[in-house]
Amino acid sequence: MTIVEMMYEFQSLLDTSVPAYAEQLRLNSDKIMMQLNIGYRRYILEKFLSSRDSNTNALTIQAHQDVLSNLIEVAHLPAVSIGNGELVGIGYSVVLPDNYYYYIRGAVATTRADEIQTSDNSYSNLILTNSYQTFENAKTTRFNTPILREPISILLQDKLVILVDKWTKIGSGNVCTLTYLKTPKNLGFEDTSTVTTIPEIAEVLHEDIVKYSYQLFMSNISFSNRVNNPNNDN
């Protein structure tokens, strides 16, 4: 469905269920567009990113790749060694892409040399932790020398910080492969770098997005009426 078709569908739902919106209170195109954009983002959050656990959400995204394929990106990025502070020698920083929205999975090329294993330029999966304490516990200190068979990573603002043990080095160049959900473009009447006339999510879900946007709008109206009604006992 195009944005115009979605707007007509949204207005049709209003006209059918709330006749007042078909007469005195008809929404203009800008307001309908705003409701669809709000509903679109909230729909993605509720359907695919509802868990507090990022690994669970990543598995949900992967299980729905058929409808999210246009929103899934793969980037090959450099990992820059951190030059100061407590992460010198074991910490690397990866700047996330401008359109990054949600982490799915990652891997990084490493060189490892110790008494147990020696390998060059092998790719290790990035284990993403949600707990900063877990990340802290894996640091090398005078009391702690961890053995990390796979790097540990944590998302900090616009960066992915990777932690390895003292026997592991991350290579140079675009050594980090990051698979992520990109930020959906806003819905609009033209196609640009930030706006699209057709949602990037699969068309089979477009009608669901319209219905969700409508239900969200009506819930907000209902809540507003209850709050503003002086006779409301709740």
Side-chain angles (χ1 to χ4, degrees), residues 1-73 96 98-104 130 155 157-158 180-234:
M1 295 173 70
T2 66
I3 185 61
V4 173
E5 292 170 330
M6 295 175 75
M7 291 176 68
Y8 277 125
E9 181 71 18
F10 186 95
Q11 186 64 56
S12 176
L13 289 171
L14 282 177
D15 293 349
T16 302
S17 59
V18 190
Y21 279 99
E23 300 171 5
Q24 302 94 343
L25 302 176
R26 178 176 289 274
L27 299 180
N28 61 34
S29 58
D30 288 340
K31 290 182 178 179
I32 294 177
M33 183 85 73
M34 180 180 68
Q35 295 301 324
L36 288 173
N37 271 301
I38 292 173
Y40 182 29
R41 298 296 181 91
R42 289 281 295 274
Y43 180 86
I44 291 175
L45 287 172
E46 183 173 303
K47 190 171 180 67
F48 306 109
L49 304 173
S50 60
S51 175
R52 297 181 64 181
D53 178 61
S54 59
N55 293 316
T56 299
N57 288 332
L59 290 173
T60 300
I61 293 170
Q62 292 178 74
H64 293 86
Q65 289 187 62
D66 54 333
V67 294
L68 293 173
S69 59
N70 290 332
L71 288 173
I72 295 175
E73 295 272 325
L96 298 173
D98 292 338
N99 65 348
Y100 171 86
Y101 189 58
Y102 204 87
Y103 181 92
I104 300 176
N130 293 323
L155 291 167
Q157 296 180 340
D158 60 344
Y180 64 98
L181 197 68
K182 71 178 183 179
T183 303
K185 291 182 179 181
N186 290 325
L187 305 178
F189 292 115
E190 59 181 0
D191 289 316
T192 69
S193 60
T194 58
V195 176
T196 179
T197 57
I198 300 176
E200 293 166 287
I201 204 167
E203 186 168 5
V204 68
L205 297 180
H206 291 185
E207 189 170 349
D208 286 349
I209 293 169
V210 175
K211 291 179 180 177
Y212 182 88
S213 301
Y214 161 76
Q215 291 166 358
L216 189 63
F217 174 72
M218 295 307 298
S219 295
N220 290 336
I221 292 296
S222 176
F223 176 77
S224 178
N225 288 340
R226 290 199 304 272
V227 170
N228 295 322
N229 186 352
N231 298 319
N232 186 6
D233 294 330
N234 295 327

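Remark: side-chain polar atoms of Thr183 are paired, donor with acceptor, to backbone N or O of Asn99 under 3.5 angstrom. A donor-acceptor pair is defined here as one N or O able to donate and one able to accept, closer than 3.5 Å; no such pair exists between the side chain of Glu9 and the backbone of Glu207. When atom types are taken as modelled, the side chain of Gln65 and the backbone of Gln62 share a donor-acceptor pair closer than 3.5 angstrom. Between the side chain of Thr16 and the backbone N or O of Ser12, at least one donor-acceptor pair lies under 3.5 Å. Side chain of Thr196 to main chain of Pro199: no donor-acceptor pair is present (N/O by atom type, distance under 3.5 Å, no hydrogens or angles). A donor-acceptor contact shorter than 3.5 Å is absent between the side chain of Gln215 and the backbone of Tyr212. Judged by distance alone, the side chain of His206 and the main-chain N or O of Ile201 form a donor-acceptor pair under 3.5 Å.
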Between Phe10 and Phe217, does the side chain to side chain contact (heavy atoms under 4.5 Å, CB included) criterion hold? Intermediate values first, please. CA-CA 10 Å; Phe10 186 95; Phe217 174 72; 4.1 Å; yes
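Note that CD1 of Ile3 and CE of Met33 are 5.0 Å apart. Values are rounded to the nearest 0.5 Å. Rounded to the nearest 0.5 Å, atoms CG (Leu155) and OH (Tyr102) are 9.0 Å apart. Between the CG atom of Leu187 and the CD atom of Gln35 there is a distance of 12.5 Å, given to the nearest 0.5 Å. To the nearest 0.5 angstrom, Met6 atom CE is 11.0 Å from Thr197 atom OG1. Atom CG of Leu36 sits about 12.0 Å away from atom CG of Asn186, to the nearest 0.5 Å. Note that CG of Leu68 is 8.0 Å distant from CD1 of Ile104, once rounded to the nearest 0.5 Å.
The two residues Ser51 and Thr56 have their closest heavy-atom pair at OG-CB, 3.6 Å. The heavy-atom pair separating Ser213 from Gly39 by the smallest distance is OG-CA, 3.3 Å. Listed here is the closest heavy atom pair of His64 and Thr60: ND1-O, 2.8 Å. The two residues Ile44 and Pro184 come nearest to each other via the heavy atoms CD1-CG, 3.7 Å. In terms of heavy atoms, Glu200 sits closest to Tyr40 at N-OH, 3.2 Å. Of all heavy-atom pairs spanning Ser193 and Lys185, the tightest one is O-CE, 3.4 Å.
Inter-residue side-chain proximity for Leu71 and Tyr101 is flagged as unmet; no heavy-atom pair is nearer than 4.5 Å. Side-chain atoms of Val4 and Phe189, non-hydrogen and from C-beta on, do get closer than 4.5 Å to each other. Looking only at side-chain heavy atoms (C-beta outward), Ile61 and Leu49 come within less than 4.5 Å of each other.
Counting heavy-atom neighbours within 6.0 Å of Lys182 NZ, excluding the residue itself, gives a total above 12. The number of heavy-atom neighbours closer than 6.0 Å to CG of Asp98, taken from other residues, nucleotides and ligands shown, is 12 or below.
Aromatic ring pairs are classed by plane angle as parallel below 30°, tilted from 30° to 60° and perpendicular above 60°; the pair Tyr180 and Tyr100 is tilted.
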